[in-house]
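Remarks on the structure that follows.
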Amino acid sequence: MIDLRSDTVTLPTEGMRAAMAAAEVGDDVYGEDPTVRRLEERAADLLGAEAALFMPSGTMANQTAIACHTRPGQEVVVEAGSHIYNVELGTMARFSGVQPRVVLGERGVFTAGQVVSAIRPDLYYLAPTGLVCLENTHNAAGGRVWPRAEARAALAAAHARGIPVHLDGARIFNASATTGIPARELAQGFDSVMFCLSKGLGCPVGSVLCGSRPLISEARRVRKAFGGGMRQAGFLAAAGLYALDHHVDRLAVDHAHARLLADGLATLPGLSVLPPETNIVLFEIETGPDAETLCARLRARGVLASPAGAGTSARGVRMVTHLDISRAGVERTVDRVREELRASGV
Ligand SMILES: *Cc1c(COP(=O)(O)O)cnc(C)c1O
């Protein structure tokens with residue numbers, strides 16, 4: 001199977017498995033796992049933060065950040081296509097007692113002016129704004145990178161009004177790989193940043209939340225309350241350390257594969273392909289089967305892809321390149337799509 005559904009499907013490499021097996025561990029709820037501590041120090045350093053906390057998932061990291069930054073009854077400014085708003089089960093309402101205020105970005109990116117309009121004026125009958133969230137790269141917009149100037153402007157607009165800003169940087173290392181801007185610069189100015197180890201970096205489990213020392217000590221309490229206190233988590237942290245050593249530089253390969261895939265698909269009739277900035281390829285089937293049908297037919301031919309998610313048409317398809325996708329896999333995928341379109345009479 002050529003599995004292009006997501007970069008979460010990667011399996012640990014031999015080297016990663018060896019690093020996990022050899023990990024020195026302890027009980028992290030007692031603060032005694034040396035490998036978790038090393039990962040947290042390494043992550044904080046990479047992101048230019050005072051401290052960091054190893055988390056079981058990106059969702060828990062985002063929601064922990066929201067719980068730390070806000071009080072019940074507040075609003076959180078989110079982009080319409082964002083992960084936090086669309087695919088985290090309304091957790092901000094459920095566990096933090098806050099409601100989203102949605103801003104419609106241009107392919108995931110909103111302006112400083114939109115931030116200003118979304119922040120509620122100080123009137124006693126309005127829900128005060130507690131937090132603004134950005135997503136880089138923007139998943140649903142096809143792995144789009146937030147332009148640095150726009151991100152700086154949005155940050156400044158929120159900060160000028162005393163509102164903290166959280167960065168959902170699930171794929172911040174992809175943003176860094178494609179722009180050449182170090183992750184710590186992309187993270188600069190944010191009040192908290194989360195990144196995923198379990199996506200393009202190839203770990204079986206894990207994300208990291210980075211921020212100030214006081215924020216991370218509060219996050220440790222919230223993580224425990226959410227059921228995310230882990231014991232000998234060093235086995236998982238060892239995979240994270242291995243990934244930061246060996247899998248960051250190779251993200252450029254995934255991006256090259258995504259471009260190759262997009263270029264190949266763009267030569268096929270009936271498809272409209274969004275040029276990828278990172279490792280996510282989105283295309284629309286203008287003529288031919290709908291997305292569900294095409295994905296089902298491709299599955300029968302050994303290629304897994306997903307109909308593009310919430311807020312997109314029934315004709316959008318998403319393919320994500322990663323560690324376990326080779327150049328040959330990309331070429332085979334283009335061939336299979338070509339054959340399926342031809343079989344549908346396109
Ligand atoms: C995957 C993802 C998350 C959440 O990560 P999980 O570990 O799956 O909970 C958050 N934000 C973005 C943008 C993501 O792509």
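We're numbering straight along the sequence, starting at 1.
When side chains are defined from C-beta on, Leu236 counts as touching Met20, because their heavy atoms get closer than 4.5 Å. Under the 4.5 Å side-chain criterion, counting only non-hydrogen atoms from C-beta, Val29 is in contact with Arg231. Between Gln232 and Asp27 there is a side-chain heavy-atom pair separated by less than 4.5 Å. Side-chain atoms of Val25 and Val36, non-hydrogen and from C-beta on, never get closer than 4.5 Å to each other. For the pair Cys210 and Leu53, the minimum side-chain heavy-atom distance is 4.5 Å or more. Side chains of Val317 and Ile285 form a contact here, defined as non-hydrogen atoms less than 4.5 Å apart.
Rounded to the nearest 0.5 Å, atoms CH2 (Trp146) and CG (Leu167) are 9.5 Å apart. Atom CZ of Arg259 and atom CG of Asn279 lie 11.5 Å apart (nearest 0.5 Å). Distance check: Asp191 CG to Leu131 CG gives 8.0 Å after rounding to the nearest 0.5 Å. Note that the OG1 atom of Thr64 and the NE2 atom of His166 stand 9.5 Å from one another [nearest 0.5 Å]. Rounding to the nearest 0.5 Å places CE of Met1 at 5.0 Å from CG of Leu304. Between atom CD of residue Glu40 and atom CG of residue Leu241 there is a gap of 10.0 Å, rounded to the nearest 0.5 Å.
More than 12 heavy atoms of other shown residues, nucleotides or ligands fall within 6.0 angstrom of atom CD in Glu32. Residue Glu50 places its CD atom among more than 12 non-hydrogen atoms of other residues, nucleotides or ligands, all under 6.0 Å distant. Atom CZ of Arg342 has 12 or fewer heavy atoms from other residues, nucleotides or ligands within 6.0 Å. Within a 6.0 Å radius of CZ in Arg327, other residues, nucleotides and ligands contribute 12 heavy atoms or fewer. Within a 6.0 Å radius of CZ in Arg250, more than 12 heavy atoms belonging to other residues, nucleotides or ligands are found.
Both Val102 and Val98 are part of a single hydrophobic cluster, where members link through side-chain heavy atoms under 4.5 Å apart. Under a hydrophobic clustering in which Ile, Leu, Val, Met, Phe, Trp and Tyr are joined whenever their side-chain heavy atoms come within less than 4.5 Å, directly or via other members, Leu244 and Leu186 fall into the same cluster.
With Glu88 contributing its side chain and Gly90 its backbone, the two residues share no donor-acceptor pair below 3.5 Å. A donor-acceptor pair under 3.5 Å is absent between the side-chain atoms of Arg171 and the main chain of His138, judged by distance alone. Thr10 contributes no side-chain N or O that, together with a main-chain N or O of Leu323, makes up a donor-acceptor pair within less than 3.5 Å. With Gln74 contributing its side chain and Arg71 its backbone, the two residues share a donor-acceptor pair below 3.5 Å. When atom types are taken as modelled, the side chain of Thr178 and the backbone of Ala175 share no donor-acceptor pair closer than 3.5 angstrom. At least one donor-acceptor pair closer than 3.5 Å links the side chain of Arg107 to the backbone N or O of Ala141. Checked by atom type and distance alone, the side chain of Arg101 never pairs as donor or acceptor with a backbone atom of Thr129 at under 3.5 Å. The closest donor-acceptor contact from the side chain of Glu277 to the backbone of Val145 lies under 3.5 Å. Side-chain N or O atoms of Arg318 include one that pairs as donor or acceptor with a backbone N or O of Arg5 at under 3.5 Å.
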(request) Determine, step by step, whether Glu135 and His83 satisfy the side chain to side chain donor-acceptor pair (under 3.5 Å) criterion, reporting the C-alpha distance in whole Å, the side-chain angles of both residues, the deciding distance to 0.1 Å, and the verdict. (result) CA-CA 8 Å; Glu135 185 174 311; His83 194 281; 5.8 Å; no
(request) Please test Asp335 against Arg332 for salt bridge (Lys or Arg N to Asp or Glu O under 4.0 Å), starting from the C-alpha separation and ending with a verdict. (result) CA-CA 5 Å; Asp335 289 343; Arg332 227 165 337 130; over 6 Å; no
(message) Could you walk me through whether His247 and Phe173 satisfy the ring pair (Phe, Tyr, Trp, His ring centres under 6.0 Å) test, starting with their C-alpha distance in whole Å, then the side-chain angles of each, then the deciding distance to 0.1 Å, before giving a yes or no?
(response) CA-CA 10 Å; His247 294 171; Phe173 288 103; over 10 Å; no
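A salt bridge links Asp245 with Arg42; the closest basic N to acidic carboxylate O contact falls under 4.0 Å. Using a cut-off of 4.0 Å between Lys/Arg side-chain N and Asp/Glu carboxylate O, Arg315 and Glu286 are scored as not salt-bridged. Taking 4.0 Å as the cut-off between side-chain N and carboxylate O, Asp28 and Arg37 do not count as a salt-bridged pair. Salt bridge annotation for Glu218-Arg221: present, with a cationic side-chain nitrogen under 4.0 angstrom from a carboxylate oxygen. A salt bridge links Arg301 with Glu339: the closest approach of a Lys/Arg side-chain nitrogen to an acidic carboxylate oxygen falls below 4.0 angstrom.
Here the closest non-hydrogen pair linking Asp254 and Gly200 is OD2-O, 4.5 Å. What you find for Met16 and Ala239 is that their closest heavy atoms are CE-O, 3.6 Å. Closest approach of Val320 to His322, counting heavy atoms only: O-CD2, 3.4 Å. Here the closest heavy-atom approach between residue Leu215 and residue Cys68 is recorded as CD1-CB, 3.9 Å. For the pair Gln99 and Ala127, the tightest heavy-atom approach, listed with the atom from each and the gap, is NE2-CB, 4.1 Å. Closest approach of Ser207 to Cys196, counting heavy atoms only: OG-SG, 3.4 Å.
Note on ring orientation: taking the six-membered ring where Trp is involved, the planes of Phe226 and Phe95 are tilted (angle from 30° to 60°).
Remark: the Thr59 side chain and the Asn62 side chain contain no N/O donor-acceptor pair separated by less than 3.5 Å. A donor atom on one side chain and an acceptor atom on the other are found under 3.5 Å apart for Arg297 and Ser344. With no hydrogens or angles considered, a side-chain donor-acceptor pair links Ser192 and His69 at under 3.5 Å.
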